[in-house]
Chemist: 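Questions regarding the structure given below will be posed in turn.
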Amino acid sequence: MDILVVVVLCVLGIIMILVEIFLIPGVTFMAIIGSLFSIGGIYYAFSHLGARGGTVALVSTVLLIAIAFIFLIKSKALDSIALKTNIDSTVTSGNTIQVKEGEEGVTLSRLNPIGKVLVNQITMEGKSLGDYIDEDTEIVVVKVTPTQLIVKTK
């Protein structure tokens, strides 16, 4: 009867730990309870079956967790819940096409070193060349990138 108690506690603990790892994100209730079940089963084995029984329970529990973990990683069982989508799209800003190097504008917010600028009546993200530029300061576009304007003070 003592062996059955140890096996049930350890197996329940292993199942809860694996459910936590593979199905429920984060360290939550299942991992804590699963660990407590496994530790309780090993403690019960040491206290009721002696040192040899406790050692067998400890080693077998650790081995079963490792084997089950490796099996679940390598098997196709988790493919149905795994995310397989690759995102290949990009976002481009069409506003940078309308702005050329050398054009002038004004800062709408402090560039610290990134902020908002207004060039050709277009509000865009601007980046200074390392200097802080205060709000309502006249600027000149030094370089145009797909997502922002590199600017300096006029």
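Values reported hereafter were calculated over all heavy atoms of this structure, with side chains retained and with hydrogens, waters and symmetry mates removed.
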Chemist: In the hydrophobic clustering that connects Ile, Leu, Val, Met, Phe, Trp and Tyr at side-chain heavy-atom distances below 4.5 Å, which members other than Leu63 occupy its cluster, ordered by chain and number?
Modeler: Val59
Chemist: Sequence neighbours left out, what passes side chain to side chain donor-acceptor pair (under 3.5 Å) with Asp2? Give chain and number order.
Modeler: Tyr44
Chemist: Transitive ILVMFWY cluster of Val142 at side-chain heavy atoms under 4.5 Å: who else is in it?
Modeler: Leu129, Ile150
Chemist: Any chain of hydrophobic side-chain contacts (each under 4.5 Å) joining Leu12 to Met1?
Modeler: yes
Chemist: Out of Leu9, Ile3, Val8, which one pairs with Val5 under the side chain to side chain contact (heavy atoms under 4.5 Å, CB included) rule?
Modeler: Leu9
Chemist: Could you tell me the separation between the CD1 atom of Ile67 and the CD1 atom of Ile14, rounded to the nearest 0.5 Å?
Modeler: 9.5 Å
Chemist: Quick one: hydrophobic cluster around Leu108, which other residues, with the 4.5 Å side-chain cut-off, linked directly or via members?
Modeler: Val106, Leu118
Chemist: Considering all heavy atoms of both residues, which atom of Val144 and which atom of Val99 are nearest to each other, and what is their separation?
Modeler: CG2-O, 3.6 Å
Chemist: Apart from Phe46 itself, which Ile, Leu, Val, Met, Phe, Trp or Tyr residues share its cluster (side-chain heavy atoms under 4.5 Å, direct or through members)?
Modeler: Ile42, Leu58, Val62
Chemist: Could you report the tightest heavy-atom contact between Gly53 and Ala45, atom names first, then the distance?
Modeler: O-CB, 3.9 Å
Chemist: What pairs meet the salt bridge (charged side-chain N to carboxylate O under 4.0 Å, His left out) rule with one or both residues in residues 144-154, with sequence neighbours excluded?
Modeler: Glu104-Lys154, Glu138-Lys154
Chemist: Tell me every residue that passes side-chain contact (heavy atoms from CB on, under 4.5 Å) with Thr137, counting only those two or more places apart in sequence or in another chain.
Modeler: Thr107, Ile133, Asp134, Thr153
Chemist: Do you know which two heavy atoms are closest between Leu18 and Ile65, and how far apart they sit?
Modeler: CD2-O, 4.5 Å
Chemist: How would you list, by chain and number, every residue that makes a ring pair (Phe, Tyr, Trp, His ring centres under 6.0 Å) with Phe69, sequence neighbours excluded?
Modeler: Phe22
Chemist: Which donor-acceptor pairs under 3.5 Å do side chains of residues 30-38 form with protein atoms, sequence neighbours excluded?
Modeler:
residue: Ser35; atom: OG; partner: Ala31; partner atom: O; Å: 2.8
residue: Ser38; atom: OG; partner: Gly34; partner atom: O; Å: 3.2

Chemist: Is there a path of hydrophobic side-chain contacts, each under 4.5 Å between heavy atoms, that joins Val117 and Tyr132?
Modeler: no
Chemist: Going from OG on Ser109 to CG on Leu111, what distance comes out if it is rounded to the nearest 0.5 angstrom?
Modeler: 6.0 Å
Chemist: Name all residues meeting the side chain to side chain donor-acceptor pair (under 3.5 Å) criterion together with Glu103; count only those two or more places apart in sequence or in a different chain, and write none if there are none.
Modeler: Asn120
Chemist: Taking atom CG of Leu149 and atom CD1 of Ile122, what is their separation to the nearest 0.5 Å?
Modeler: 9.0 Å
Chemist: Quick one: closest heavy-atom pair of Thr61 and Cys10, and the distance?
Modeler: OG1-SG, 3.3 Å
Chemist: Could you report the tightest heavy-atom contact between Val151 and Val141, atom names first, then the distance?
Modeler: CG1-CA, 4.1 Å
Chemist: With salt bridge (charged side-chain N to carboxylate O under 4.0 Å, His left out) as the rule and sequence neighbours excluded, what pairs involving residues 112-127 come up?
Modeler: none
Chemist: How would you list all residue pairs meeting side chain to side chain donor-acceptor pair (under 3.5 Å) that involve residues 51-60, not counting sequence neighbours?
Modeler: none
